[in-house]
Amino acid sequence: MSRIRVVSPLEISDDISSAYYKEEQSGVSTGFIGLDRHYTVMPGQLTIVTGVPSHGKSEFVDALCVNLAMNEGWRFLIFSPENYPIVTHAKKLMRKFIGKPYGKMYNGTMTLEESREAFRFIETSFLFVSPGDELITVDDLIDTAKKEDIDGLIIDPWNELDHRRPQGMSETEYISLSLGQLRTASRHLDIHTWLVAHPKKPDPGRTYRASPPSLYDVSGSAHWYNKADNGITVHRPDVIDGAETHIHITKVRFRNIGKPTGEEPIRLNYNIASGRYKE
């Protein structure tokens, strides 16, 4: 039996007719008013995030997750070996929720009662994929996502997955297939997937400090741009200070979700103590 179902416009004529009178809905708010003008979060989509290492990609994605969990009740499955051990990642999410450091050794730390409140929050809102003895594949994450009641999937970063591919398959073909699988799974499960991918080493004569990387700068294939519903670059122009973070929206597939930022990025200030971003 064929897995393909052919749909006639007549079958969906009522939906097409009703769409005439309906305004296209944007996605869910990111929790940042300025960012919402360019990027909102719609279930069933794939967002790829890139940026120079240590410029705050993981911190930014975590901040989005905490905002969505707090404001919309979203629940997430997180694969993030770079934040291992999991207790370290849990503490970072608790810190963002309360807005204070976690632990008795810090000045201005959250109280014991606040820490309990923060634990209740992450216990409700987050699940973590624990690294085992074997590397994890894209298929493993999709299969796990199917079994859990989640609204969002975080893959941070791409290079920590097992990318062994069948003999004869090129890297470009593999990336196209994998991103296609993630996008299809996101639509089928009605979840939003964020995938963090590092850029390759810049070409001679170019520095990412002056010219932030885009999805075309991610190693392996132009499919990073082609397959993404949305593309984000997280960039800190002053790596010494590191307080101001620029968010470049480099691709938005559907106009009801947002629009690219162009030359003027969204500017957020990062607070090291609280782990929060502020416009």
Side-chain angles (χ1 to χ4, degrees), residues 28-36 39-41 43 47 49 51 53-132 136 141 144-145 147-157 160 191-196 232 234 236 241-245 247 266 268-279:
V28 174
S29 170
T30 63
F32 301 108
I33 295 174
L35 184 58
D36 285 346
Y39 172 74
T40 54
V41 182
T47 294
V49 182
S54 78
H55 277 219
K57 297 185 296 297
S58 298
E59 291 289 343
F60 174 72
V61 172
D62 280 355
L64 280 183
C65 292
V66 169
N67 286 350
L68 288 165
M70 290 174 61
N71 301 330
E72 305 294 335
W74 278 37
R75 193 165 186 253
F76 298 89
L77 175 66
I78 299 180
F79 169 75
S80 185
E82 289 194 348
N83 279 301
Y84 190 80
I86 292 174
V87 65
T88 299
H89 201 175
K91 286 161 57 179
K92 290 172 66 175
L93 295 167
M94 293 166 71
R95 181 169 57 119
K96 282 179 168 56
F97 174 68
I98 296 295
K100 297 178 182 178
Y102 179 91
K104 293 175 65 176
M105 69 290 297
Y106 300 109
N107 292 327
T109 187
M110 65 182 75
T111 65
L112 187 58
E113 181 54 40
E114 286 173 330
S115 72
R116 290 169 177 162
E117 180 186 359
F119 177 80
R120 289 192 292 269
F121 166 72
I122 65 166
E123 195 276 332
T124 301
S125 305
F126 297 97
L127 295 169
F128 301 91
V129 175
S130 177
I136 292 172
L141 291 179
T144 304
K147 299 173 185 176
E148 303 293 344
D149 180 18
I150 59 171
D151 304 286
L153 170 65
I154 312 299
I155 303 173
D156 181 14
E160 289 285 352
I191 64 175
H192 196 105
T193 298
W194 287 265
L195 192 162
V196 177
I232 298 177
V234 179
R236 288 179 180 163
D241 181 357
E244 184 170 276
T245 301
I247 308 300
I266 305 301
L268 301 176
N269 285 321
Y270 178 69
N271 185 291
I272 295 176
S274 67
R276 288 181 172 181
Y277 287 92
K278 183 178 180 181
E279 294 180 280

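Scope of the values below: all heavy atoms of this structure, side chains included, with no hydrogens, waters or symmetry mates.
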Side-chain donor-acceptor contacts of residues 63-74 below 3.5 Å, not counting sequence neighbours, with atom names and distances?
residue: Asn67; atom: ND2; partner: Thr30; partner atom: O; Å: 2.9
residue: Asn71; atom: ND2; partner: Asn67; partner atom: O; Å: 3.2

Can you find a heavy atom in the side chain of [X] that is under 4.5 Å from one in the side chain of [Y]?
X	Y	answer
Ile154	Ser80	no
Ile247	Val234	yes
Phe126	Ile86	no
Ile272	Tyr270	yes

Could you report the tightest heavy-atom contact between [X] and [Y], atom names first, then the distance?
X	Y	result
Ser29	Asp36	OG-OD2, 2.6 Å
Lys96	Arg276	O-NE, 2.7 Å
Asp156	Ser58	OD2-OG, 2.5 Å
Ile33	Glu279	N-OE1, 2.9 Å
Ser274	Asn271	N-OD1, 2.9 Å
Ala145	Ile150	CB-CD1, 3.9 Å

Counting N and O atoms only, with roles assigned by atom type, does the side chain of [X] sit under 3.5 Å from a partner on the main chain of [Y], one being a donor and the other an acceptor?
X	Y	answer
Glu59	Gly56	no
Thr109	Pro101	yes
Thr124	Arg120	yes
Glu114	Ile98	no
Arg236	His55	yes
Glu148	Leu77	no
Lys57	Gly51	yes

[X] [atom1] to [Y] [atom2] distance, which is reported to the nearest 0.5 Å:
X	Y	atom1	atom2	value
Leu195	Leu153	CG	CG	8.5 Å
Lys91	Met110	NZ	CE	10.0 Å
Leu93	Asp62	CG	CG	5.0 Å
Phe79	Glu160	CZ	CD	6.5 Å
His89	Phe128	NE2	CZ	6.0 Å
Thr144	Leu127	OG1	CG	10.5 Å

Heavy-atom neighbours of Phe32 CZ exceed 12 at 6.0 Å: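 Enclosed: over 12 neighbouring heavy atoms sit under 6.0 Å from CZ of Phe32.
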Mutual orientation of the aromatic rings belonging to Phe60 and Tyr277 [parallel < 30°, tilted 30-60°, perpendicular > 60°]: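 Geometry flag for Tyr277 against Phe60: perpendicular rings.
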